[in-house]
Amino acid sequence: QVHVVESGGGLVQAGGSLTLSCAASGRNFVSYAMGWFRQAPGKEREFVAAISWSGQGTYYADSVKGRFIIARDNEKLLMYLQMNGLKPEDTAVYYCATRDTGTYYPNPTSADEYDYWGQGTQVTVSA
């Protein structure tokens, strides 16, 4: 059984920073690519960022490129999303997900390509 758990959400003012963490167990963590998605109220779930098994490959949505950084620590079995320059439109529930391949290709932005998901962590950015 694979378990994926996000943490680190909270309330932050616009322009501030927040770092999310994701822990995945029940699978050989270091072998698989992972990603972050988010869903705002009344909106579809959208892709945020993806990272390859080694951490050397990363891929970002245009809306967060230059502000967010995805990283992983395979020794600690953790993945991170460092969010800087937060905007009110970044407010959403953020989800961590795993793939069954070491790369985030094909279709890194498609939620259908990710097989295990966490319950999400709320991020709220006040104006």
Side-chain angles (χ1 to χ4, degrees):
Q1 186 77 11
V2 178
H3 292 282
V4 180
V5 180
E6 306 92 340
S7 61
L11 173 64
V12 63
Q13 288 188 331
S17 297
L18 206 58
T19 298
L20 306 182
S21 298
C22 172
S25 61
R27 164 178 274 185
N28 187 7
F29 178 90
V30 302
S31 297
Y32 300 101
M34 300 182 72
W36 288 98
F37 286 74
R38 66 187 182 187
Q39 187 166 19
K43 294 190 176 181
E44 301 264 327
R45 187 171 297 190
E46 66 172 355
F47 169 78
V48 175
I51 189 165
S52 66
W53 70 274
S54 66
Q56 293 191 352
T58 58
Y59 191 91
Y60 295 94
D62 288 343
S63 59
V64 306
K65 199 174 295 183
R67 298 189 298 125
F68 290 11
I69 299 172
I70 188 171
R72 64 192 296 165
D73 186 331
N74 284 343
E75 290 189 2
K76 295 181 179 178
L77 307 183
L78 291 172
M79 181 180 68
Y80 305 99
L81 184 68
Q82 181 181 334
M83 305 183 293
N84 303 312
L86 282 162
K87 305 175 182 179
E89 51 263 44
D90 293 318
T91 294
V93 177
Y94 283 70
Y95 297 91
C96 168
T98 68
R99 294 184 65 124
D100 63 0
T101 57
T103 175
Y104 43 76
Y105 289 113
N107 305 322
T109 66
S110 172
D112 291 340
E113 298 288 345
Y114 295 78
D115 52 0
Y116 292 100
W117 294 77
Q119 293 299 306
T121 185
Q122 176 71 47
V123 172
T124 303
V125 184
S126 62

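All figures in this text were calculated on a predicted structure; none of them were measured in a lab. Just so you know, these numbers use all the heavy atoms, side chains as well, and skip hydrogens, waters and symmetry mates.
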How close do Cys96 and Val4 get, counting heavy atoms only, and between which atoms?
SG-CG1, 3.5 Å
If you compare all heavy atoms of Ser63 against all heavy atoms of Arg67, which two are closest, and at what distance to 0.1 Å?
O-NH2, 2.9 Å
Indicate yes or no for a side-chain donor-acceptor contact from Tyr60 to the backbone of Ile70 under 3.5 Å, with no hydrogens or angles considered.
yes
Check the pair Val64 / Arg38 against side-chain contact (heavy atoms from CB on, under 4.5 Å), numbers first and verdict last.
CA-CA 12 Å; Val64 306; Arg38 66 187 182 187; 4.0 Å; yes
Identified ring pair (Phe, Tyr, Trp, His ring centres under 6.0 Å) counterpart of Tyr114 within the set Phe37, Phe47, Tyr104, Tyr95:
Phe37
Mind listing the closest non-hydrogen atom pair of Asn84 and Ser17 along with its distance?
OD1-OG, 3.0 Å
Main-chain N/O of Trp53 paired with Asn74 side-chain donor or acceptor, under 3.5 Å:
yes
Quick check: closest heavy atoms across Leu78 and Ala23, and the distance to 0.1 Å?
CD2-CB, 3.7 Å
Check whether Tyr94 and Val12 end up in the same hydrophobic cluster, where Ile, Leu, Val, Met, Phe, Trp and Tyr are linked by side-chain heavy atoms less than 4.5 Å apart.
yes
Between OG on residue Ser52 and OH on residue Tyr105, distance to nearest 0.5 Å:
10.0 Å
Output yes when Asp90 and Lys87 qualify as a salt bridge under the 4.0 Å nitrogen-oxygen rule, no when they do not.
no
Gly102 to Ala33 - nearest heavy-atom pair and separation
O-CB, 3.6 Å
Please determine if Arg72 forms a cation-pi arrangement with Phe29, meaning its NZ or CZ atom is less than 6.0 Å from the six-membered ring centre and no more than 45° off the ring axis.
yes
Evaluate the side-chain contact (heavy atoms from CB on, under 4.5 Å) criterion for residues Leu20 and Met83: first the C-alpha distance (whole Å), next the side-chain angles of each, then the deciding distance (0.1 Å), finally the verdict.
CA-CA 8 Å; Leu20 306 182; Met83 305 183 293; 3.7 Å; yes
Are Met79 and Phe68 in one and the same hydrophobic cluster, where Ile, Leu, Val, Met, Phe, Trp and Tyr link if side-chain heavy atoms are under 4.5 Å apart?
yes
Nearest heavy-atom pair of Ala40 and Ala92: which atoms, and what distance?
N-CB, 3.8 Å
Determine whether Val93 and Leu86 fall in the same hydrophobic cluster, where Ile, Leu, Val, Met, Phe, Trp and Tyr are linked whenever their side-chain heavy atoms lie under 4.5 Å apart.
no
Atom pair OG1/OH of Thr19 and Tyr80 - distance to nearest 0.5 Å
9.5 Å
Kindly check if the number of other-residue, nucleotide or ligand heavy atoms within 6.0 Å of CD (Glu44) is above 12?
no
Does any part of the side chain of Ile51, heavy atoms only, come nearer than 4.5 Å to the side chain of Trp36, both counted from C-beta?
no
Dump the intermediate steps for side-chain contact (heavy atoms from CB on, under 4.5 Å) on Glu113 and Thr101, then the final yes or no.
CA-CA 10 Å; Glu113 298 288 345; Thr101 57; over 6 Å; no
Within the side chain of Glu6, is there an N or O that forms a donor-acceptor pair under 3.5 Å with the backbone of Gln119?
yes
Evaluate the criterion side chain to side chain donor-acceptor pair (under 3.5 Å) for residue pair Arg99 and Tyr32; output intermediate values, then yes/no.
CA-CA 6 Å; Arg99 294 184 65 124; Tyr32 300 101; over 6 Å; no
Whether Thr91 side chain and Val125 backbone form a donor-acceptor pair below 3.5 Å:
yes
